[in-house]
Number of protein chains: 2
Amino acid sequence: MQTATRRDPATPADRTATEAPVHVVPRARADSGSSEDVPSPLKTLCSTCHLKDLCLPCGLTGSDVQRLDSLMFARRRVKEGQALYHEGEKFQFIYAVRSGTFKSVLTLKDGREQVTGFQMAGELMGLDGLAAGKHASAAIALEDAEICAIPYGHLSELASVSPDLQHVISRLMSREIVREHSLMMLLGSMNAEERLAAFLLNISQRMKARGYSASEFHLRMSRAEIGSYLGMKLETVSRTFSAFQQQRLLEVDKKHVRIVDLDGLTHAFEMRVQ
Amino acid sequence: MQTATRRDPATPADRTATEAPVHVVPRARADSGSSEDVPSPLKTLCSTCHLKDLCLPCGLTGSDVQRLDSLMFARRRVKEGQALYHEGEKFQFIYAVRSGTFKSVLTLKDGREQVTGFQMAGELMGLDGLAAGKHASAAIALEDAEICAIPYGHLSELASVSPDLQHVISRLMSREIVREHSLMMLLGSMNAEERLAAFLLNISQRMKARGYSASEFHLRMSRAEIGSYLGMKLETVSRTFSAFQQQRLLEVDKKHVRIVDLDGLTHAFEMRVQ
DNA sequence: CGATTCCTTGAGGCATCTCAAGGCAAGTGG
DNA sequence: CCACTTGCCTTGAGATGCCTCAAGGAATCG
């Protein structure tokens, strides 16, 4: 279990309770174990959400955001280790992360797993389900999390009367394609150090975009999950962390990472094998 | 050069001239070297296209297809080795392959290339450009090819009055995401034999969907391009082809491939390392 | 017909994997 | 409160799959 880690200078989850401007979660639901089956009756308004500049409404004008408000997205809590949706499950919603971190995983018939992404606050999940009408991957919470469930049918109705909204959705899907391109680049033509450097720099940027420190953060995922995502074994991930530490690029203590030499790390990422 | 290869039982390019039902390419243009800079004045109607069940109009009803017809997509020839668009180029069109084969490539600053996909007749290219308004990859013709240039602005105008069309476009983008998921699976957790087997089975299915033999086909891409796509070196691709041949799964003669034992190949694809 | 490109194959090297042992922190139960 | 378990991480040593380098063959082209 990786809950409630102490002394964390930049933990999204810790800040959520005080930052979330939309309603207050009733005590009764907060600790309910069965809260992941039925969407919570709590509703969320995009217009007052602290994530509106990162999430779906990003770039939309007032009238479009108000249209989104009319959908009153249901909020839902997902406990650490639990699935928001499973591979093969019927596609009805896309999900926006409100707090916490998720991993998206594919499973091969023989049980081999591939982590295809990590999602943080403000990021969308489930867009892969549109293709076949069922989710192509599973989404698992890496810590206690909260999401907005966005009914895709309603969203696309709304998009049909608002070209701007439609454009935002299309751009988000395109961004997902581009993101996967760069991961393919990584998996196809980088060595272990480049992969881990690229990963850490990416996390760093995303933390920064969320108002947290870009140089010091807590990883929510295990070495094995990082390894799966980066196409390497957990031991190699661990060794590469140690190597970076010896090169004075990082200070690592379990899941706590401090980037000591950003330029050096960037250089490791571009370490062309000349 | 890999043009006009002899004795090819299933070559899309060879058949295009007789199959293409839409207009006839005037002699003058057919051999013009400068035809890839300016969209050809030739226009294409989806409703009469022999690819309509594979391509954009797939699943649409008559009225929506007629709306697509009204856009009169420009046709354009691209010669082998030439780029349909470059990385970083302004995004204005998405492209549908009419005939020929393309590769999509990303280039790293140090010159390393990653092939992110191969596109055949009826498949769309360029959807990754939407995210940032410029193409995130380049598209290079692997043989003389013909495409439809679909102006994205017009298409999305059309989509705003036709929910079905919008849904088709969204589904195609989602399909691209799913496709990249499985490539990540491949790059992240498969060995050389599994990768090549997966690749060949995928090509086989796509050939079949286009009315060609699923068991015998011509590869339009080089060993180096296959290697880049699959995250391995060209020598390893070559050796793996040889290994499959020795295992009596394939018969390989340069770019001509005959699948002898489909089940065996499928099994190699699922070769769990027990 | 030489130049070029692409493919195949061999031999040796190396990055990463595999297997194994041990440490640390947190949780559990007596 | 302590012994024990469990999960995760680190590190070492040896194995190996793929890469690198190199040579040679076959087809194509000007």
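First the proteins, then the strands, lettered A, B, ... as listed; each starts at 1. If you're wondering where the values come from, they're calculated on a predicted model, not measured in any experiment.
- The phosphate of dT11(D) (OP1 or OP2) has a side-chain N or O of Ser242(A) nearer than 4.0 angstrom.
- Contacts of Gln247(A) classified as side-chain hydrogen bond (donor to acceptor under 3.5 Å, both in side chains), with partners at least two apart in sequence or in another chain: Glu193(A).
- Remark: Arg179(B) engages Glu176(B) in a salt bridge (Lys or Arg N to Asp or Glu O under 4.0 Å) (not counting sequence neighbours).
- Put simply, CG on Leu234(A) is 10 Å from P on dC17(C), counting in whole angstrom units.
- Each end of the helix from dC1(C)-dG30(D) to dG30(C)-dC1(D) gets its own rotation axis from five pairs of C1' atoms, and the angle between them is 30° to the nearest 10 degrees.
- Distances were taken from every side-chain heavy atom of Glu235(A) (C-beta onward) to each of dC9(D), dC7(C), dC19(C); the shortest belongs to dC19(C).
- Partners of Arg206(A) under the side-chain hydrogen bond (donor to acceptor under 3.5 Å, both in side chains) rule, at least two apart in sequence or in another chain, are Glu123(A), Asn202(A).
- In this structure, the CG atom of Leu250(B) is 12 Å from the P atom of dT8(C), given to the nearest Å.
- The CD-C1' distance, from Glu143(A) to dC8(D), rounds to 17 Å in whole Å.
- Out of dC19(C), dT20(D), dC7(C), the shortest distance to the side chain of Lys255(B) is found at dC7(C).
- Distance CG (Asp253(B)) to P (dA26(D)): 12 Å, rounded to an integer number of Å.
- Between Tyr212(A) and Phe217(A), the ring center distance fails the sub-6.0 Å criterion.
- A distance of 6.0 Å separates CG in Leu108(B) from OG in Ser189(A), rounded to the nearest 0.5 Å.
- Every ring pair (Phe, Tyr, Trp, His ring centres under 6.0 Å) that Tyr85(B) has, sequence neighbours left out, goes to Tyr95(B), His135(B).
- The interatomic distance linking His256(B) (NE2) with dC7(C) (P) rounds to 15 Å, in whole Å.
- Applying the side-chain hydrogen bond (donor to acceptor under 3.5 Å, both in side chains) test to Ser137(A) and every residue at least two apart in sequence or in another chain returns Asp128(A).
- To the nearest angstrom, C1' of dC7(C) lies 13 Å from NE2 of His218(B).
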Each nucleotide of nucleotides 13-18 of chain D classed B (base within 4.0 Å of a protein heavy atom), S (only sugar-phosphate) or -, in 5' to 3' order, makes B----S

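- The CZ atom of Arg223(B) sits 16 Å away from the P atom of dA26(D) (whole-angstrom rounding).
- For Thr236(B), there are no side-chain hydrogen bond (donor to acceptor under 3.5 Å, both in side chains) partners, not counting sequence neighbours.
- Legend: residues meeting side chain to side chain contact (heavy atoms under 4.5 Å, CB included) with Ala209(B), ordered by chain and number and at least two apart, are Leu54(B).
- A straight line from CD of Glu80(B) to C1' of dC29(D) spans 13 Å, rounded to a whole angstrom.
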